Structures are given as structure tokens and as C-alpha cells.
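Model, not experiment: these values are computed from the prediction.
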Amino acid sequence: MKSLKTLSRYLLGALFIGAGLNHFWHTDFYVAMMPPYLPWPLALVYASGIAEAGVGALLLRRRWQVVGAWGIVVVSVAVFPANVQMALHPELFPQFSVPGLWLRLPMQLVPVVWAWCYTRGANRNHAT
């Protein structure tokens, strides 16, 4: 069971690293997701990409997994408005179905709950 939890942690970390790097490979897509009330959309896309990759990398290290897990929770909440923007403006994302865009919203809880599993650390019995 412990090795499955470790594998799961590595998978989540790798997914967040990949998602973060994707902000640099498909920048225009992420800029289009930005709600218009947020300033500096390009800078925010880059910052969120760095944040996603960074918290994913932290999760890979057992010593830093709690920080990485909490970081994934925070980043996932922070980028939620961009996902709402996609659902509210499906005309900007014709490659996705309207129901799919709306279904993405509750699915954003998956990485939050998944990361939550690692917020208590690898060994709950240690004093530090």
C-alpha cells in the first residue's frame, strides 16, 4: 500500500510539472482562459505555470511533500477562475464541448482531494 501511495504521489507531481510546463508551450491558450478582470494575463500565465511545476516538483520529494501538497491545493483554487471563464465563454474554446467545459469545474476537485492525501506527510507518527 505504501508503494502505491508513493507511486500516486509521483504521478500527481509529474502531472503538475507537465501542466506547468504546458503554460510555456501553449501560452496563447492559457492567456485566452484568463478572466478579463485580472491584470497582466501573460505574466499570470507564466507565474501560474512556474507555480504548478514548482509545487509538482516539491511533491516528488518526500521531505517537501507536505509543502508541495498544500501548494497544489492553493494553486488549484487560484486557477479555478480561469476554468470558470472557459465554461462561461465556450465560443473562445470551440475545440471543447460546452458540457465538457462545465464538467471540468467539479473535476477540479480531483487534484485538490488527491493532494490532500499528502498534506499530513509520509509518517504521521513523527514529532516534527
Side-chain angles (χ1 to χ4, degrees):
M1 183 68 174
K2 188 174 182 178
S3 62
L4 183 59
K5 191 168 182 181
T6 299
L7 179 63
S8 172
R9 180 170 54 90
Y10 287 151
L11 178 60
L12 181 59
L15 287 171
F16 264 75
I17 291 169
L21 293 175
N22 203 39
H23 285 66
F24 298 91
W25 295 325
H26 301 286
T27 306
D28 291 341
F29 173 77
Y30 289 96
V31 168
M33 289 175 65
M34 296 299 291
Y37 58 82
L38 293 175
W40 314 297
L42 182 60
L44 288 174
V45 166
Y46 289 146
S48 61
I50 290 168
E52 286 182 14
V55 297
L58 288 172
L59 190 66
L60 296 178
R61 297 290 306 203
R62 195 159 128 209
R63 178 179 182 163
W64 292 97
Q65 80 177 40
V66 173
V67 174
W70 279 112
I72 286 173
V73 170
V74 169
V75 168
S76 296
V77 169
V79 301
F80 190 74
N83 294 301
V84 172
Q85 176 72 11
M86 286 182 76
L88 292 175
H89 298 282
E91 70 280 0
L92 299 175
F93 307 96
Q95 66 271 41
F96 300 108
S97 71
V98 172
L101 291 172
W102 283 100
L103 285 172
R104 284 182 83 240
L105 297 179
M107 293 304 296
Q108 299 301 308
L109 283 175
V110 172
V112 171
V113 172
W114 192 355
W116 185 266
C117 295
Y118 302 103
T119 60
R120 298 181 105 171
N123 184 356
R124 295 181 189 180
N125 296 324
H126 69 288
T128 56

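Listed by chain and residue number, nothing satisfies the side-chain hydrogen bond (donor to acceptor under 3.5 Å, both in side chains) test with S97 (two or more places apart in sequence, or in another chain).
Taken to the nearest 0.5 Å, the CG atom of L58 stands 12.0 Å off from the CZ atom of R63. Here the CD atom belonging to E52 is positioned 9.0 Å from the CG atom belonging to N22, to the nearest 0.5 angstrom. Rounded to the nearest 0.5 angstrom, C117 SG and K5 NZ are separated by 6.0 Å. Rounded to the nearest 0.5 angstrom, N83 CG and M107 CE are separated by 12.0 Å.
The number of heavy-atom neighbours closer than 6.0 Å to CZ of R61, taken from other residues, nucleotides and ligands shown, is 12 or below. Around OH of Y10, the count of heavy atoms belonging to other residues, nucleotides or ligands within 6.0 Å does not exceed 12.
The shortest side-chain heavy-atom distance between W102 and L88 falls under the 4.5 Å cut-off. A 4.5 Å side-chain heavy-atom check between Q108 and R104 finds at least one atom pair inside the cut-off.
Counting side-chain heavy-atom gaps under 4.5 Å among Ile, Leu, Val, Met, Phe, Trp and Tyr, V77 is found in no cluster with other residues. Within the hydrophobic cluster formed by Ile, Leu, Val, Met, Phe, Trp and Tyr side chains joined at under 4.5 Å, directly or through other members, F93 is accompanied by F24, F29, Y30, V31, M33, M34, Y37, L38, L42, L44, V45, Y46, I50, M86, L92, F96, L101.
Hydrophobic clustering of Ile, Leu, Val, Met, Phe, Trp and Tyr side chains at less than 4.5 Å, counting indirect connections, unites V79 with L15. In the hydrophobic clustering of this structure, L60 does not group with V67; members are Ile, Leu, Val, Met, Phe, Trp, Tyr whose side-chain heavy atoms approach within less than 4.5 Å, directly or through other members. Two different hydrophobic clusters hold V112 and V74 under the rule that ILVMFWY side chains link at heavy-atom gaps under 4.5 Å.
The backbone N or O of L59 lies less than 3.5 Å from no partner atom in the side chain of Y118, so there is not a single donor-acceptor pair. Using modelled atom types, one side-chain atom of S76 and one backbone atom of I72 make a donor-acceptor pair closer than 3.5 Å.
When all heavy atoms are compared, the tightest approach of V73 to A115 is CG2-CB, 4.2 Å. When all heavy atoms of A51 and V75 are compared, the pair lying nearest together is CB-CG2, 3.9 Å.
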